[in-house]
Amino acid sequence: MSVAAHLGINLAEYDARIRTFIPNYEEMLEAAADVLDPKTTTIVDLGTGTGAFAERCLRRASRARIIGIDADPEILKAAADRLPNTSKFLCGNFAELSIPGCDAIIASFALHHVRTPEEKASLYGRMAAALSNGGTLVNVDCQPARDAAMATRQMNRWKDHLLLSYSDYEAEQYLATWSQEDVYVPLADESALMQQAELSVEVVWRKDAFTILVGKK
């Protein structure tokens, strides 16, 4: 399934509509990009989408080369238009492809497509192996609380954001569809999976269910 189809929108709408779907989207990506060392030379972007996160990372690490991986060939065309000619794009499932050696790996609302803890643990192991010593993994995603009542409150606040742009019915439909197609791993469990890959883990930003997790090799 293409990214646009997953979200129920046209690809041309993606950059505008994602902000109506995800609260604090701009703040989150800016905070995530700010984690990178300005001297970073090679960044692998998993699920690169239209390249919005990679573009911000290049403002922080201007000498870096982006290697973007995405399974959607159409959205990769949009990323290629957005990012410099020094960028390289690989079309395929990042959970299956070999991850090139790099100083940093970034992922924005991508790792929730990995369906099982076993697959996620394997992916983190491959990411850690691809990173140079001292390298950085930046994961921006929905990581709700493990406590069910707290997680429900977090999801209700996500719905509040959707209601700024959509009807109650539309907001409910979006959340129901995404919850079936995506796997939102609780923050504590996601951190544990990263630690199993021998990454030191920090939460550098969090609002409700949305989190920036950073792993250091």
Side-chain angles (χ1 to χ4, degrees), residues 3 11 14-16 18-19 22 24-114 123-141 190-191 194-195 197-206 210-217:
V3 174
L11 179 56
Y14 181 91
D15 283 328
I18 194 68
R19 290 156 177 78
I22 306 298
N24 306 299
Y25 182 77
E26 295 282 351
E27 178 185 341
M28 210 174 343
L29 291 197
E30 289 294 343
D34 199 47
V35 168
L36 294 178
D37 185 334
K39 296 179 182 178
T40 298
T41 59
T42 306
I43 300 171
V44 173
D45 186 5
L46 303 183
T48 194
T50 62
F53 186 22
E55 182 179 47
R56 282 169 172 77
C57 290
L58 286 175
R59 295 174 194 161
R60 173 70 174 171
S62 59
R63 291 177 291 178
R65 174 175 179 253
I66 298 291
I67 302 175
I69 302 175
D70 204 292
D72 183 348
E74 290 303 312
I75 211 164
L76 282 179
K77 292 178 184 177
D81 289 339
R82 170 179 237 141
L83 297 171
N85 292 330
T86 53
S87 300
K88 175 183 178 181
F89 300 98
L90 304 174
C91 188
N93 184 344
F94 60 76
E96 299 172 355
L97 292 179
S98 175
I99 299 175
C102 56
D103 306 312
I105 297 173
I106 61 174
S108 171
F109 299 99
L111 301 191
H112 61 228
H113 295 303
V114 181
L123 176 60
Y124 276 132
R126 293 193 296 110
M127 285 195 249
L131 284 170
S132 58
N133 289 331
T136 303
L137 164 63
V138 184
N139 179 19
V140 182
D141 217 328
E190 192 80 26
S191 298
M194 293 173 68
Q195 289 167 345
E198 299 186 351
L199 297 169
S200 62
V201 181
E202 287 192 41
V203 177
V204 299
W205 186 97
R206 182 164 176 80
F210 296 94
T211 306
I212 300 171
L213 270 173
V214 174
K216 285 281 190 177
K217 182 172 177 179

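Reckoned from all heavy atoms, side chains included, excluding hydrogens, waters and symmetry mates.
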Tell me the closest heavy-atom pair linking [X] and [Y], and the distance in Å.
X	Y	result
Asp70	Gly47	OD2-C, 3.3 Å
Gly51	Ala79	N-CB, 4.0 Å
Leu199	Gly215	CB-CA, 4.3 Å
Arg126	Leu97	NH1-O, 2.7 Å
Val140	Met28	CG1-SD, 3.6 Å
Ala71	Cys91	O-SG, 3.9 Å

Which residues satisfy the side-chain contact (heavy atoms from CB on, under 4.5 Å) test with [X], sequence neighbours excluded?
X	answer
Ala80	Phe89
Arg82	Asp15, Thr50, Ala52, Glu55
Ala33	Phe53, Arg56, Cys57

Checking side-chain contact (heavy atoms from CB on, under 4.5 Å) against Ile69, which of Leu76, Thr48, Val44 comes through? Val44
Going by side chain to side chain donor-acceptor pair (under 3.5 Å), name the residues that satisfy it together with [X], two or more places apart in sequence or in a different chain.
X	value
Thr42	none
Gln195	none
Ser191	none
Ser98	none

Side-chain contact, heavy-atom cut-off 4.5 Å: [X] with [Y]?
X	Y	answer
Trp205	Val35	no
Asn133	Lys217	yes
His112	Glu190	no
Ser87	Arg65	no

My understanding is that only residues two or more places apart in sequence, or in another chain, count here; which of them pass salt bridge (charged side-chain N to carboxylate O under 4.0 Å, His left out) with [X]?
X	value
Asp37	none
Glu202	none
Lys216	none
Arg63	none

Look up atom [atom1] in [X] and atom [atom2] in [Y], then write down how far apart they are to the nearest 0.5 Å.
X	Y	atom1	atom2	result
Leu111	Asn139	CG	CG	4.5 Å
Asp34	Arg59	CG	CZ	12.5 Å
Asp141	Ser108	CG	OG	8.0 Å
Ile105	Leu131	CD1	CG	4.0 Å
Asp45	Leu90	CG	CG	11.0 Å
Ile106	Leu137	CD1	CG	10.0 Å

Can you check side-chain contact (heavy atoms from CB on, under 4.5 Å) on Leu213 and Val203, steps first, answer last? CA-CA 5 Å; Leu213 270 173; Val203 177; 3.7 Å; yes
Does any pair with a residue in residues 85-108 pass salt bridge (charged side-chain N to carboxylate O under 4.0 Å, His left out), and if so which ones, sequence neighbours excluded? none
Pair Phe94, Leu123 - check side-chain contact (heavy atoms from CB on, under 4.5 Å), show working. CA-CA 9 Å; Phe94 60 76; Leu123 176 60; 3.8 Å; yes
If we ignore hydrogens and angles and just use 3.5 Å, is the side chain of Arg60 paired with the main-chain N or O of Ala32 as donor and acceptor? no
Does Glu26 have more than 12 heavy atoms from other residues, nucleotides or ligands lying within 6.0 Å of its CD? yes
Between Cys102 and Ile67, does the side-chain contact (heavy atoms from CB on, under 4.5 Å) criterion hold? Intermediate values first, please. CA-CA 9 Å; Cys102 56; Ile67 302 175; over 6 Å; no
Using the rule given for side-chain contact (heavy atoms from CB on, under 4.5 Å), can you reason through Ile18 versus Tyr25, listing the C-alpha separation, both sets of side-chain angles and the distance that settles it, and then say yes or no? CA-CA 8 Å; Ile18 194 68; Tyr25 182 77; 3.7 Å; yes
